[in-house]
Amino acid sequence: MEQPNLEMMRHSASHIMAAAVLKLFPDAKLAIGPAIDTGFYYDFDLPRPLTTEDLSKISDLMKESIKARQSFERSEVSRAEAMEIFKDQPYKLELIADLPEDETISIYRQGDFVDLCRGPHIAHTGYIKANAFALLNVAGAYWRGDEKRPMLQRIYGTLWNNKEELDAYLKQLEELERRDHRRLGRELDLFSLHEEAGAGLVYWHPKGARVRTIIEDFWRKQHYDGGYDILYTPHIGRSWLWETSGHLVNYRENMYSPMDIDGQDYYIKPMNCPFHILIYKTQTRSYRDLPLRWAELGTVYRYERSGVLHGLMRVRGFTQDDAHIFCTPEQIEDEILGVLRFSLNMLRAFGFEQINPYLATRPPKAIGEPAQWDQATESLRKALQGERLAYEVDEGGGAFYGPKIDLKIKDSLGREWQLTTIQFDFNEPERFDMTYVGTDGKEHRPYMVHRALLGSLERFMGVLIEHYAGAFPLWLAPVQAKVIPIADRHQEYARQVMAALRAADLRVELDESSERMNAKIRTAQLAKIPYMLVIGDREVAANAVSVRLRTEQDLGDIPVEAFIARAQGLVESHSPEL
RNA sequence: GCCGACGUAGCUCAAUCGGCAGAGCAGCGGUUUUGUAAACCGCAGGUUGUGGGUUCAAUUCCCCCCGUCGGCUCCA
């Protein structure tokens, strides 16, 4: 028997749960029940939908099994024996049928429950602590993830080494809810969605729009400084454009129905690339013109199935921080390295330190010359190595039109988010017959690379909100300071202070309400405003402000000029400090 | 799209068995002029997501649709 570890316990727990479900529903058909990184699940085909009462019954039965210390017994059976044992379990039969001929078929038994399973399992059910697991919810899941196959009921459970770890996990779930960008978006008055006006479409309120503007301004400056030019292109294009690009063939299910303009079909854009290519083709391009690096904050619309929409993270209209690089084969390595460095700097500027790259290579069905693929993939690999980044390879995970690097960041709660993608495209240059004139005076096909760094501004904002729990670093905060006069007689000086700070390019608001100072502080605190500048008789006399941070730290009286210098310095350096 | 749960005031939530839809916060008006996380009094706020059905009577029971949430699948 192997040493019991968390994964084994979780996997075993899924068996214990399946046994409990069978007791409750003798006709239940079992699918699969693996361990996952927070616990386990098991998929069932049941005669009726599960209720929360069912969950607690199942949980009680599991606890009985744990108390009984039922042992897990492994045995190996022939294919015929396995078919006989699971003759009433169609999903198991399918699994058996799909096992390779030479595979040993093992079953595990605890009590009177038998399951097809590779194992390993814990020695007996008593290894699991009855107070260290919880059944969380029921969800629908397709058999084998295929939407054409039956929809099963999946029960999710979480399991840990002990009660303390379970409690810590449940507490983390609460923290996730507290930080949920949809909740913070409303509480901080950043954005809204309007079902009556269409699902998955974002409305930016003044404060959210302010944050977005700051991000965009920074982004533009970085791009100009980094050797990019910036484009603006239309939001719709005639069917010719999408036929030529191949989107109507390859991407149609994500595109909206056409609109009729003077008898012609126009489509709202799901991508920006064809427009950039048209600009490329307005001139004969020479190798001397390359590389061209063209960026655009391009707003695109893509159809997403109603069930997948989620706040800012998954929407139907969004703005990509897109760019296309057109270059020669000789330039490709330098360009890729440049893009990668540029991406890392951008992500780090927003406070993301943990960045994990994934390299996706040629899939079985792909277009383009193998030699091109090799060169492109090699340039991606070299760039990653050049930056000394540990990366994972997703063999065959590239798009049919080119290999790519995706960068996923880890947020303050340890969750991974894909933001950056750097993709080669061997398809569109071909389709649009893009060329440049080389040193030999002949026409050549340029390399084309798509890249988005922040991904989309909508999702990026969602990630930022959750990463910072709504408490944006000073340089991004929509309101950086709230001036809080204690009594009406301090209002005039408070207005002077506000004017001075605004003249210094700080974002300041004045609380002129007739609330007590305590209430004003509370309001500012809940709005997660970095600085609360309290003004009373003392401050008026000293030409100062009393500075309270949203961290609850009280800095005491500081001369107005000194406060301005402090804040400006921290904004300038994108500091996380206040 | 599919499975399940849900939809009551701007927000968070009540309303017994089908019997006059209610509270806190926010908002508005007034009083209060305050030293580091909530002053006091009052007012207003609703076609109970939409449409239909059952009933003397529907927030409550049934059906369609829309949307939200948790998943499946897919992706920026």
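Letters go in sequence order (proteins before strands), and every chain restarts at 1.
- Note on E552(A): a base of the nucleic acid sits closer than 4.0 angstrom, heavy atoms only.
- Surrounding CD of E94(A) are more than 12 heavy atoms belonging to other residues, nucleotides or ligands, all under 6.0 Å away.
- Dashed line: the shortest gap from a side-chain N or O of R186(A) to OP1 or OP2 of U12(B) is under 4.0 Å.
- Closest to the side chain of D488(A), from the set C72(B), A76(B), U33(B), is U33(B).
- Of the candidates G35(B), G67(B), C75(B), the closest approach to any side-chain atom of I486(A) belongs to G35(B).
- Backbone-only engagement by A199(A) is indicated by non-hydrogen atom pairs under 4.0 Å involving sugar-phosphate atoms exclusively.
- Across every strand in view, C2(B) sits in a pair with G71(B) that passes the Watson-Crick or G-U test at under 3.5 angstrom.
- Nucleotide U33(B) forms no Watson-Crick or G-U wobble pair with any nucleotide shown, as no partner meets the under 3.5 Å limit on both distances.
- Ring geometry for F350(A) against F218(A) counts as perpendicular: the plane angle is over 60°, on a 0 to 90° scale with 30° as the lower cut.
- Distances from the side chain of M151(A) to the nucleotides U34(B), U33(B), C3(B) place C3(B) closest.
- If you take atom P in G49(B) and the same atom in A44(B), they sit 24 Å apart, rounded to whole Å.
- At least one side-chain nitrogen or oxygen of R548(A) sits closer than 4.0 Å to the OP1 or OP2 atom of A37(B).
- Residue Y41(A) is out of contact with every strand shown, counting any heavy-atom pair closer than 4.0 Å.
- Look at the C1' atom in both U54(B) and C64(B): the space between them is 16 Å, to the nearest Å.
- Residue R516(A) has a polar side-chain atom (N or O) positioned under 4.0 Å from OP1 or OP2 of A39(B).
- For the C1' atoms, the distance from A14(B) to C72(B) is 35 Å, rounded to whole Å.
- If you check the side chains of R252(A) and Y267(A), you find a donor sitting under 3.5 Å from an acceptor.
- Distances shorter than 4.0 Å separate some side-chain N or O of S306(A) from OP1 or OP2 on G1(B).
- Judged by distance alone with a 3.5 Å cut-off, no donor-acceptor contact links the side chain of R305(A) to the base of C75(B).
- The phosphate of C69(B) has OP1 or OP2 within less than 4.0 Å of a side-chain N or O from R182(A).
- The phosphate of C75(B) has neither OP1 nor OP2 within less than 4.0 Å of any side-chain N or O from Y251(A).
- Ring stacking is absent between Y156(A) and G71(B), as the pair misses the limits of under 5.5 Å between centres and under 30 degrees between planes.
- The base-pairing partner of U50(B), taking Watson-Crick or G-U wobble contacts with both distances under 3.5 Å, does not exist among the strands shown.
- Tested against R293(A) for a side-chain hydrogen bond (donor to acceptor under 3.5 Å, both in side chains), the candidates E335(A), H324(A), H223(A) yield a single pass: E335(A).
- On a pure distance criterion of 3.5 Å, no polar donor-acceptor pair joins the side chain of Q153(A) and the base of G71(B).
- A donor N or O paired with an acceptor N or O is found under 3.5 Å between the base of G1(B) and the side-chain atoms of Y142(A).
- Donor-acceptor pairing under 3.5 Å is recorded for the side chains of H181(A) and E466(A).
- Proximity note for I521(A) (side chain, C-beta onward) versus G4(B), G1(B), A37(B): the nearest is A37(B).
- Here T523(A) lies out of heavy-atom contact (under 4.0 Å) with every strand.
- No hydrogens or angles were tested; on distance alone, nothing pairs the side chain of N518(A) with the base of U36(B) as donor and acceptor under 3.5 Å.
- G70(B) and G10(B) are spaced 23 Å apart, taking the P atom of each and rounding to whole Å.
- The CG-C1' distance, from L50(A) to G70(B), rounds to 14 Å in whole Å.
- Each of E416(A), K410(A), E392(A) was evaluated against N356(A); a single residue qualifies, E416(A), per the side-chain hydrogen bond (donor to acceptor under 3.5 Å, both in side chains) test.
- Comparing the P positions of A21(B) and U48(B) gives a spacing of 10 Å, expressed to the nearest Å.
- The side chain of V315(A) lies closest to A76(B) when the candidates are A76(B), G71(B), U36(B).
- Among the protein residues, G536(A) comes within range of the nucleic acid bases, having at least one heavy atom under 4.0 Å from a base atom.
- Using a 4.0 Å cut-off, no side-chain N or O of H450(A) falls inside it from OP1 or OP2 of A76(B).
- Within 3.5 Å, a donor on the side chain of E304(A) pairs with an acceptor on the base of A76(B), or the reverse.
- If you measure from atom CD of Q418(A) to atom P of A76(B), you get 6 Å, rounded to the nearest angstrom.
- Note: Y251(A) and H247(A) have perpendicular aromatic rings, judged against thresholds of 30 and 60 degrees for the angle between ring planes.
- Counting only N and O atoms by type, the side chains of K482(A) and T523(A) include no donor and acceptor under 3.5 Å apart.
- Within 4.0 Å (heavy atoms only), G140(A) reaches at least one base atom of the nucleic acid.
- Taking atom C1' on both nucleotides, U33(B) is separated from G27(B) by 22 Å, rounded to a whole Å.
- Distance D43(A) CG to U73(B) P: 10 Å, rounded to the nearest Å.
- When both pairing distances are held under 3.5 Å, G42(B) makes a Watson-Crick or G-U pair with C28(B).
- As judged by a 4.0 angstrom heavy-atom cut-off over every strand, E539(A) is placed among the base-contacting residues.
- For D537(A), the side-chain atoms get nearest to G35(B) when compared with the rest of U31(B), A76(B), G35(B).
- Nucleotide U59(B) forms no Watson-Crick or G-U wobble pair with any nucleotide shown, as no partner meets the under 3.5 Å limit on both distances.
- Checking A76(B), G70(B), U34(B) against the side-chain heavy atoms of R489(A) singles out U34(B) as nearest.
- At a threshold of 4.0 angstrom between heavy atoms, the contacts of H490(A) with the nucleic acid are absent.
- The partner of G22(B) is C13(B), judged by Watson-Crick or G-U wobble contacts that both fall below 3.5 Å.
- RNA chain B is contacted by both G311(A) and L526(A); L526(A) maps to the nucleotide lying nearer its 5′ end (nearest heavy atom per residue).
- For the residue pair S192(A) and H205(A), a side-chain donor N or O sits within less than 3.5 Å of a side-chain acceptor on the partner.
- In terms of position along RNA chain B, the nucleotide closest to A519(A) lies nearer the 5' end than the nucleotide closest to the other residue of the pair G200(A) and A519(A).
- Set against U34(B), G70(B), U36(B), the side chain of S546(A) has U36(B) as its closest nucleotide.
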